[in-house]
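A short worksheet on the structure shown next.
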Amino acid sequence: MKEDPVYKLTSNKLLTRNVILNFLAQGLPLIIAIFTIPWIIKGMGVDKFSILTLIWIIIGYSNLFDFGLGRALTQLISKKLAQNDTEDIPDLIWTTLIVVIIFGILATIIIWILTPTIITKLLKIPEALVIESEYSLYALALTLPLLLLIVNIKGILEAYQEFIYVSLLRIPVVIFNYIGPLFVLPFSNNLYHIVILLVAGRIITFFLHVWACSKVVNNLTFKVTFNKTFLKPLFSFGGWITVSNVIGPLTSYMDRFFIAYFLSALIVAYYTTPFDVISRLSIIPLALMGVMFPAFSAEYQMNKARTRKLFIKTLTYTVLLLLFPVILIFIFAKPGLTIWLDSDFADKSYLITQILAIGILIEGINQSSIALIQGTGRSDVTGKIILAVLPVYLVILYFFIELHGLIGAAFAWLIRAVLDCVLLNFFAFKLLKPDNN
């Protein structure tokens with residue numbers, strides 16, 4: 001049994017080790033952020049920090065230019081490894097990366113063209129901060145090809161269940177994102193100077209990912225190849241992933257833009273600061289999802305019964321691990337924010353924190369269901385659910401913000417998470433029925 005390629009990718013010992021590694025690696029940003037964000041806000045000011053968080057969202061949303069290829073690459077490699085069919089994996093990798101580079105360059109051009117409109121019209125940045133904000137967005141846009149390549153190379157490492165590399169490669173990201181700004185702020189609180197540091201970090205992280213990939217994929221060389229026969233399976237799976245990549249971040253982050261547009265960009269920090277810290281709890285479901293997605297991909301066609309057991313375990317551990325910290329956050333939201341930041345910030349944010357904490361628990365369940373559904377190859381299901389929920393969410397978000405401001409935005413986000421949860425789990429268990437083909 002131990003010679004079985006599927007067993008090598010989905011053994012309980014391997015999956016447990018990788019979940020722990022992934023959890024520890026994703027927990028590092030949470031620990032560092034708790035200590036550094038107050039100092040970064042103090043050094044930059046709430047206004048500039050709010051703008052930085054919005055720029056981060058825009059750049060992160062540019063992942064849509066991946067067109068689902070990273071996810072498709074992970075699934076295809078996982079299936080090939082399970083079938084012990086590894087000869088053409090290098091061709092598959094190079095074909096994917098070539099297409100990704102083209103898409104990344106396209107993304108950079110689009111962001112550059114739209115930057116003045118994004119800064120002045122969409123985000124409504126105050127005139128005094130327009131120049132800093134534009135230069136910052138320009139600089140980050142230049143790294144979009146590297147960002148997309150990093151995402152795809154990380155997917156390769158995950159397909160091979162090499163989470164030791166995935167985990168270690170998070171360290172430079174944490175250093176540049178959360179610790180680096182503290183060394184810049186004593187000399188300058190210019191937003192652009194902070195962003196230049198982030199750009200340097202992204203470049204270094206890219207080359208480290210390339211090195212790790214060369215170590216993991218034994219027959220991978222730097223001889224670039226392009227095999228167009230891989231395009232159909234890549235885009236077939238990636239098409240609906242693209243829908244999720246486009247609409248998913250929209251549903252997750254639209255609340256911030258609604259707040260900026262209908263209320264003010266300068267109060268977004270009262271919403272995003274607790275949200276960004278609480279969302280670090282998603283390290284639990286994301287640690288599980290990162291490991292279980294390739295495991296589901298390898299296991300589903302071979303053993304549906306074991307896939308069901310793995311999925312139920314994933315759901316159970318997600319709830320058990322999230323429940324206690326969510327309860328603590330709900331109880332101690334106000335005093336915790338007061339100690340961490342100040343009483344004025346706490347008064348404006350503690351109710352938001354409590355609502356979002358409940359939503360994070362539900363989102364954790366959602367992530368496990370998404371990993372299962374997409375791992376079985378049914379990326380269309382998650383895409384259709386997102387499309388169905390989006391218009392409902394936007395209507396609720398608009399009216400709740402109009403009626404209740406920041407608190408209303410948090411409630412709307414919670415309702416959206418519940419709707420997703422009901423639909424995702426219904427289809428997940430449907431796919432795991434023994435008679436389901």
Side-chain angles (χ1 to χ4, degrees), residues 59-83 85 88-108 110 144-160 166 209 213 217 220 224-252 286 289-298 300-301 366-367 369-388 390 420 424 427-428 431:
I59 294 300
Y61 190 65
S62 298
N63 279 340
L64 68 91
F65 285 95
D66 172 68
F67 290 104
L69 295 183
R71 206 70 168 160
L73 182 60
T74 302
Q75 199 218 24
L76 290 174
I77 291 177
S78 296
K79 293 176 70 174
K80 284 182 174 294
L81 291 173
Q83 297 165 359
D85 177 20
D88 58 354
I89 285 180
D91 288 350
L92 171 60
I93 290 173
W94 277 116
T95 300
T96 306
L97 296 184
I98 289 171
V99 176
V100 166
I101 290 172
I102 295 172
F103 289 158
I105 294 172
L106 177 62
T108 295
I110 291 175
L144 283 175
L146 296 183
L147 175 62
L148 298 183
L149 287 170
I150 289 170
V151 169
N152 280 263
I153 295 172
K154 177 174 173 286
I156 297 168
L157 299 174
E158 290 177 347
Y160 278 83
V166 174
H209 274 78
C213 186
V217 187
L220 180 65
V224 179
T225 58
F226 185 84
N227 188 338
K228 64 180 181 181
T229 60
F230 288 122
L231 295 180
K232 184 176 180 180
L234 283 168
F235 282 104
S236 177
F237 183 87
W240 280 105
I241 294 292
T242 302
V243 174
S244 299
N245 287 347
V246 173
I247 308 300
L250 189 65
T251 56
S252 296
L286 289 177
M289 183 179 181
V291 174
M292 296 311 300
F293 170 71
F296 290 144
S297 299
Y300 181 70
Q301 300 299 327
N366 294 348
Q367 292 301 317
S369 302
I370 290 171
L372 182 279
I373 294 171
Q374 294 181 351
T376 64
R378 293 299 307 274
S379 57
D380 62 306
V381 171
T382 53
K384 291 172 183 176
I385 289 174
I386 288 174
L387 284 175
L390 176 62
D420 282 344
L424 286 168
F427 283 102
L431 287 170

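Throughout, numbering of the chain's residues begins at 1 and tracks the sequence. Owing to the predicted nature of the structure, the values given are computational and were not obtained by experimental measurement.
Nearest heavy-atom pair, F237 versus S379, reported as atom, atom and distance to 0.1 Å: O-OG, 3.0 Å. Taking each heavy atom of V99 and F235 in turn, the nearest pair found is CG1-CZ, 3.9 Å. Shortest non-hydrogen contact noted between Y300 and L431 is OH-O, 2.9 Å. When all heavy atoms of T74 and S78 are compared, the pair lying nearest together is O-OG, 2.8 Å. Between M289 and P294, the shortest heavy-atom distance links the atoms O-CD, 4.4 Å.
Atom CG in L234 sits 15.0 Å away from atom NZ in K228 (nearest 0.5 Å). Interatomic distance, S297 OG to E158 CD, rounded to the nearest 0.5 Å: 10.5 Å. The distance from atom CZ of F103 to atom CD1 of I98, rounded to the nearest 0.5 Å, is 12.5 Å. Rounded to the nearest 0.5 Å, atoms CG (L144) and CD1 (I101) are 13.5 Å apart. With values rounded to the nearest 0.5 angstrom, L148 atom CG is found 11.0 Å from I153 atom CD1. To the nearest 0.5 Å, atom CD1 of residue I385 and atom CG of residue L390 are 13.5 Å apart.
At least one side-chain heavy atom of I89 sits less than 4.5 Å from a side-chain heavy atom of L81. For the pair D91/F230, a side-chain contact is recorded, criterion being any heavy-atom separation below 4.5 Å from C-beta on. In this structure, the side chains of V100 and F67 stay at 4.5 Å or more apart for every pair of heavy atoms. Residues T225 and P90 have side chains not in contact (no heavy-atom distance under 4.5 Å, counting atoms from C-beta outward).
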Output, in order, the C-alpha distance, side-chain angles, deciding distance and verdict of side-chain contact (heavy atoms from CB on, under 4.5 Å) for L106 and I102. CA-CA 6 Å; L106 177 62; I102 295 172; 5.8 Å; no
Derivation and outcome, side chain to side chain donor-acceptor pair (under 3.5 Å), residues T382 and Q374: CA-CA 7 Å; T382 53; Q374 294 181 351; 3.2 Å; yes
Report the C-alpha distance between I77 and I93 in whole Å, list the side-chain angles of each, state the deciding distance to 0.1 Å, and finish with yes or no for side-chain contact (heavy atoms from CB on, under 4.5 Å). CA-CA 9 Å; I77 291 177; I93 290 173; 4.0 Å; yes
side-chain contact (heavy atoms from CB on, under 4.5 Å) between D88 and N227, intermediate numbers included: CA-CA 10 Å; D88 58 354; N227 188 338; 6.0 Å; no
Yes or no on side-chain contact (heavy atoms from CB on, under 4.5 Å) for Y160 and V166, after CA distance, side-chain angles and deciding distance? CA-CA 11 Å; Y160 278 83; V166 174; over 6 Å; no
